[in-house]
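Please see the structure below; I have some questions.
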There are 2 protein chains.
Amino acid sequence: MTHPNPVPVPTLRDVAEAAGVHTATASRALNPKTRQQISAETARRVMRAAQALGYQPNSAARSLKTARSSTVGLVIPDLTNPLFPPIVRGVESVLESDGYNVWIVNTDNDEERERAKIESLRSRQVEGLIIATARLEHPLLGQLHEQGVTMVLINRQVDNLRIPAVTGDDATGVAAAVRHLADLGHTRIAHLSGPLSTSTGRVRSRAFRHAVRDLGLPGDLMVECGHWSEADGAAAMRALLARTTDFTAVVAGNDPIALGCYDVFAERGLSCPHDVSVIGFNDMPFLDKLRPPLTTVAVPHHELGAEAARMLLNCIDEPDRAARSVLLPASLVVRGSTAAPRATVLPEP
Amino acid sequence: MTHPNPVPVPTLRDVAEAAGVHTATASRALNPKTRQQISAETARRVMRAAQALGYQPNSAARSLKTARSSTVGLVIPDLTNPLFPPIVRGVESVLESDGYNVWIVNTDNDEERERAKIESLRSRQVEGLIIATARLEHPLLGQLHEQGVTMVLINRQVDNLRIPAVTGDDATGVAAAVRHLADLGHTRIAHLSGPLSTSTGRVRSRAFRHAVRDLGLPGDLMVECGHWSEADGAAAMRALLARTTDFTAVVAGNDPIALGCYDVFAERGLSCPHDVSVIGFNDMPFLDKLRPPLTTVAVPHHELGAEAARMLLNCIDEPDRAARSVLLPASLVVRGSTAAPRATVLPEP
DNA sequence: TTGTATGCGTTATCAC
DNA sequence: GTGATAACGCATACAA
């Protein structure tokens, strides 16, 4: 139940009256940037009055007047995907110390939803957008760019348009994964890629092809997952097994896909890493508690968010600066899901 | 880089001019609730103009005029805690279909931060607050309530004030956990509680005491964790083992605390569930992939958020309605971390 | 140092 | 059915 006598929200005018000054004076006294224009005594009186009344500036009025919202929009597919909360916190950590607030929206990877959410963000006069959805087809981005919307992309490079982006160095991460397996003695390594309609799916898939080719290994062991999910990972692994059993290691497009592999191994009585090694991607929480603990590629999600936020601030401050893209290093985290293949013939010296 | 010629954002005035009508008419044409007052022909013309210009209403101006923000604030401790994303999505699923938007803030369980965040929310004229932080001491809540702030609590009951709340039925969940262990033959069951400064810590701890007492089991095997974390769970388990080894099962205050137990078992060479059974709380993602898969109490987090949102809408619509509290059922999810104790003397018939 | 006046973009209340 | 006008709360250019 709300309070029986809902206190009317005090305005600047109330504060001014209580302090016996004009609203303009009160406004200056309350704003740190203009407080110096005011006598210390008056400033103190105004601030006490504001405190006493529980005054909070009406941000709608302020942004209407100043044409600034001190708000940026953060567009992600789905908060329940453990990738994104660290990114969100990274963004916030930078933006909040600069006086900005962050408005988060989920798109569920639905184009219509995404459009609607971004419209609503724009109608809120956000000063910039950080977009962390990874679909490849994206007419919307082009439109926004045309309209001069300030934005930064996370985990996605758009080739055509020059939009600043910050991404994890997926290619190096995949290469490290493949090299690790090769070093262990694996020669037939499969890749269960994410959807090739996503930029990350495409980048990692291509990196895998390059990596195996560079090592002189076969590059035909590839299956595309319909989604980045455990279920689709399992389906892809079943499809691969139906085609061939002549492989000893798998590089999964992400961690849930790797978990899908675990499920199929359990079904088929295969032992990991004994029969087959698996490497995931992203280093989700609690992977070290799995059976076996999953070897994976760690992406600095928090730092991805923080760096995107810094970039966005740059873009807001210097609208004419050329777009830059930043690549953050990914690193292999070796755990228990990778080992030497069972019947390896070690390469002759 | 932003567009070289940043298009000035079109206002209602621009739309009106383009359509050859007055702004008032344009406003009426664009608002579905007033569109009927306008001739169909004019309405169409205005809407086409708006479309063509890419017009988005300025929400600051609108909420200044209407004194409504169509926004509610959602206050949580930390998005990276996997408990909260489902709650957030639950809240959003209800609120968005009602035309509201949700503003999320993280408090990191810091009182000062929480106060600042809520102030910033209020200055944004949010129409209500959903608060999902679980500290027990909370002068702030009292103040907000005094000021007539509409709010709903998640996972926390405040005794004094009559503030609506929606919580999981922790007590029943804990009781089910204890009964499950007793049914397996355990007689000496320990509890590693969360911090007793949190309402959930206190509720679950008390429920545990009641449950063991009702079964005639000893109630002295309790340790309080400093935080709801894996590290603190491990510390508590070490403390318990230093005191006694005369127990065969543990009910952890939450899942990370249970994982802390796993860590200590690994250190000491104890086998779970062979030497000791463990039950967690919350049913975080991927618990089924652990070694062993963790038996836990599932709380309907999405539904918790959805129900809180429904309640908040009620409160906004009918400010004078009495506060209600809702308890959502929790359920035991039996997995591999619980089994009969090794050397059980089964009770005589 | 302080007060006066104005307008941000929108909607509500008038009058026509 | 449409237009004119005012006002929401605040910040700022200008006057004093």
Side-chain angles (χ1 to χ4, degrees), chain A residues 7-47 49-50 53-71 99 120 122-127, chain B residues 7-47 49-50 53-71 99 120 122-127:
Chain A
V7 186
V9 178
T11 71
L12 185 59
R13 189 182 180 139
D14 299 322
V15 174
E17 277 178 12
V21 297
H22 195 267
T23 56
T25 307
S27 172
R28 289 188 273 251
L30 259 17
N31 185 334
K33 294 197 63 165
T34 50
R35 189 171 300 152
Q36 40 181 12
Q37 309 171 8
I38 297 290
S39 83
E41 163 54 18
T42 310
R44 191 160 21 241
R45 223 170 51 240
V46 171
M47 292 169 68
L53 293 173
Y55 170 72
Q56 295 291 347
N58 180 321
S59 70
R62 171 178 289 167
S63 51
L64 184 56
K65 178 65 188 169
T66 61
R68 297 195 47 215
S69 64
S70 295
T71 300
S120 115
R122 295 197 62 200
S123 94
R124 292 201 133 79
Q125 316 296 116
V126 295
E127 295 177 33
Chain B
V7 186
V9 177
T11 71
L12 184 60
R13 188 181 183 142
D14 299 320
V15 175
E17 277 177 13
V21 297
H22 194 268
T23 55
T25 308
S27 172
R28 288 187 274 249
L30 260 15
N31 185 336
K33 293 197 64 166
T34 51
R35 189 171 300 152
Q36 40 180 13
Q37 309 171 8
I38 297 290
S39 83
E41 163 54 19
T42 309
R44 191 159 22 240
R45 224 172 47 242
V46 172
M47 290 167 70
L53 293 174
Y55 169 73
Q56 294 292 344
N58 180 321
S59 69
R62 172 177 288 167
S63 49
L64 182 57
K65 181 61 189 171
T66 62
R68 296 198 47 217
S69 63
S70 295
T71 301
S120 116
R122 295 198 62 199
S123 95
R124 293 201 132 79
Q125 317 296 116
V126 295
E127 296 177 32

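Below, read A as the first sequence line, B as the second, and so on, with proteins coming before strands; counting in each chain starts at 1. Hydrogens, waters and symmetry mates play no part in the numbers below; they use all other heavy atoms, side chains included.
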note: A/R62, atom CZ; D/dC8, atom C1'; distance rounded to Å ~ 16 Å
Chain B reaches DNA chain C, atoms under 4.0 Å from its heavy atoms, from C/dG9 to C/dT13
Rounded to the nearest 0.5 Å, the CZ atom of A/R62 sits from the CZ atom of B/R124 at a distance of 9.5 Å
Q) Would you find a donor on one side and an acceptor on the other, under 3.5 Å apart, between the side chain of B/R28 and the backbone of B/T34? A) no
**OP:** Look at the side-chain N and O atoms of B/T25 and state whether any lies under 4.0 Å from the OP1 or OP2 oxygen of D/dG3.
**Re:** yes
Handout entry: Touch class at under 4.0 angstrom, heavy-atom based, for B/L12 against every strand present
Key = base
By nearest-nucleotide position on DNA chain D, the 5'-leaning member of B/A24 and A/T66 is B/A24
Taking the side chain as everything from C-beta on, heavy atoms only, tell me whether B/M47 gets closer than 4.5 Å to B/L30. yes
Within residues 32-47 of chain A, the residues having a heavy atom closer than 4.0 Å to DNA chain C are A/Q37, A/I38, A/S39, A/T42
*Would you mind classifying the nucleic acid contact of A/A67 as base, sugar-phosphate or nothing, using non-hydrogen atoms under 4.0 angstrom?*
nothing
Expected list for residues 16-23 of chain B near DNA chain C, using heavy atoms below 4.0 Å, is none
**Study point:** Backbone N/O of B/A29 and side chain of B/R35: donor-acceptor pair under 3.5 Å
**Key:** yes
| query | Just by distance, do the side chain of B/S123 and the backbone of A/Q56 share a donor-acceptor pair under 3.5 Å? | reply | no
Whole-Å distance, A/R13 CZ to D/dA7 P, equals 11 Å
Output for pair (B/L64 CG, B/S69 OG), nearest 0.5 Å, gives 12.0 Å
Between CG of A/N31 and P of D/dC10 the distance, given in whole Å, is 13 Å
Shortest non-hydrogen pair, A/R68 vs A/S63, comes out as O-CB, 2.7 Å
- Task: State whether the side chain of B/T23 and the backbone N or O of B/L12 hold a donor-acceptor pair below 3.5 Å, judged by distance alone.
- Result: no
To the nearest angstrom, the CG-C1' distance between A/L64 and D/dA11 comes to 11 Å
B/R28 has its side chain closest, among D/dA7, D/dA4, D/dG9, to D/dA4
Value for NE2 (A/H22) from CD (A/E17), rounded to nearest 0.5 Å, stands at 10.5 Å
In this structure, CD of B/Q37 is separated from OG1 of B/T25 (nearest 0.5 Å) by 10.0 Å
Next on the checklist: Looking at A/Q125 and B/N58, would you say the former's side chain and the latter's main chain have a donor-acceptor pair under 3.5 Å?
Outcome noted: no
